[in-house]
Amino acid sequence: MASEELAKKLQSRLAAAEEVEQRPESEQSPVPAQSLEPDHACGDTPSELATKLNRRLDINDGNAPSRATLVFNPYTEFKEFSRKQIKDMEAMFKRYDTGKDGFIDLMELKLMMEKLGAPQTHLGLKNMIKEVDEDFDGKLSFREFLLIFRRAAAGELQEESGLMALARLSEINVSTEGVMGAKDFFEAKVQALSQGSKFEAEIREEKEERKKQEVEKKERQAAFKQLQSAFYS
């Protein structure tokens, strides 16, 4: 029942928005701000409203998972990045998530781009979010934030886009631990992809290092016992 009411309300809103947009400018009259619905007041176009309508109906009908049901592990899903890189990205994400709600919204993204020295227009910021906004909620989750760097590494971003500027200007593109000393973030990503799973390689290296330390410890203990035996003999 709630789903049907939501559908009727959003479809009515969409129809009204399309009717206004199709009128000649001379026939359009100013609409008091208080009469606008929340989504329309934010500047959503009819196509954006339609996308949100379909998404919400799918969630209500059980045809699409809601955000709360998703289980996200960045270390297993983004294996092309080292654990240090993911931690660096997470630290950067949290630094600009000033609302501490687990998302970077439009105003927080605006602040981020200004701090990075690449300010964007309002439309540019909306387009940045839209390019990786998989759930159409108008803000960036940490997973969607990681998608920016994945697409940058894969060469899928336009050279002059705001997302490419974000990827290039972030602090993450310098420190690439364990990728054969590569100085550039994107060159490092290509090498990581050709070497297979970087995450698994790091785990193996850590295990081998622990084994090496254990062997050295046993050798030192054996040498000490031998010296002790010779001293008392």
Side-chain angles (χ1 to χ4, degrees), residues 10 13-56 67 78 81 85 88-174 184-186 189:
L10 292 176
R13 183 188 307 167
L14 176 60
E18 289 177 338
E19 181 182 350
V20 171
E21 194 171 83
Q22 290 172 1
R23 292 179 188 169
E25 289 187 7
S26 59
E27 297 182 12
Q28 294 184 16
S29 57
V31 181
Q34 62 268 25
S35 69
L36 294 174
E37 294 288 348
D39 285 342
H40 191 63
C42 294
D44 288 340
T45 65
S47 62
E48 290 173 331
L49 286 171
T51 299
K52 292 182 178 180
L53 167 64
N54 293 331
R55 171 67 179 171
R56 291 172 186 174
R67 179 182 300 278
F78 291 83
F81 300 128
Q85 288 163 352
D88 288 345
M89 294 176 198
E90 185 177 18
M92 180 182 183
F93 182 87
K94 289 181 177 179
R95 182 161 67 249
Y96 290 102
D97 176 21
T98 55
K100 305 303 178 186
D101 59 353
F103 301 96
I104 291 180
D105 60 25
L106 191 71
M107 294 308 296
E108 290 168 338
L109 181 61
K110 178 178 183 293
L111 175 62
M112 176 189 290
M113 297 308 295
E114 289 174 352
K115 291 288 187 180
L116 292 175
Q120 304 289 311
T121 64
H122 182 79
L123 180 60
L125 293 166
K126 290 186 68 174
N127 288 336
M128 286 176 66
I129 292 176
K130 185 182 295 184
E131 192 165 348
V132 290
D133 186 14
E134 294 187 329
D135 54 8
F136 308 110
D137 62 355
K139 50 190 176 182
L140 298 177
S141 65
F142 180 49
R143 182 183 181 280
E144 291 164 342
F145 186 70
L146 290 177
L147 286 177
I148 298 172
F149 295 91
R150 168 178 281 175
R151 293 185 181 181
E156 297 175 356
L157 298 179
Q158 294 183 2
E159 191 67 21
E160 302 302 323
S161 69
L163 292 185
M164 179 61 83
L166 191 160
R168 280 181 169 171
L169 294 172
S170 68
E171 300 172 1
I172 304 161
N173 64 352
V174 177
D184 185 82
F185 174 76
F186 304 112
K189 298 290 84 56

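- In this structure, Phe145 and Phe149 have perpendicular ring planes: the angle between them is above 60°, well past the 30° mark.
- Among pairs with a residue in residues 99-117, those fulfilling salt bridge (Lys or Arg N to Asp or Glu O under 4.0 Å) read Lys110-Glu114, at least two apart in sequence or across chains.
- For the residue pair Ser161 and Leu157, the shortest heavy atom distance occurs at OG-CB, 4.2 Å.
- Contacts of Ala91 classified as side-chain contact (heavy atoms from CB on, under 4.5 Å), with partners at least two apart in sequence or in another chain: none.
- The shortest heavy-atom contact between Phe142 and Phe93 is N-CZ, 3.6 Å.
- Here the rule is side chain to side chain contact (heavy atoms under 4.5 Å, CB included) with Met128, and of Asp133, Ile148, Leu140, Leu166 only Leu166 fits it.
- Sorted by first and then second residue, the salt bridge (Lys or Arg N to Asp or Glu O under 4.0 Å) pairs involving residues 153-165 (not counting sequence neighbours) are Glu159-Arg168.
- For the pair Arg150 and Phe81, the tightest heavy-atom approach, listed with the atom from each and the gap, is N-CZ, 3.6 Å.
- The closest donor-acceptor contact from the side chain of Glu134 to the backbone of Glu144 lies at 3.5 Å or more, if one exists at all.
- Closest heavy-atom contact between Phe103 and Lys139: CB-CD, 3.8 Å.
- Across Ser170 and Ala167, no two heavy atoms sit closer than the pair OG-O, 3.2 Å.
- Under the 3.5 Å distance criterion, the side-chain polar atoms of Asn127 are left unmatched by any main-chain donor or acceptor of Glu131.
- The shortest distance between side-chain heavy atoms of Ile129 and Lys126 does not fall below 4.5 Å.
- Note: Met112 CE to Leu169 CG = 11.5 Å, rounded to the nearest 0.5 Å.
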Evaluate Leu147 against Phe78 for side chain to side chain contact (heavy atoms under 4.5 Å, CB included), listing each step before the verdict. CA-CA 9 Å; Leu147 286 177; Phe78 291 83; 3.9 Å; yes
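- Annotation for Val132 and Leu163: closest pair CG1-CD1, 4.1 Å, computed over non-hydrogen atoms.
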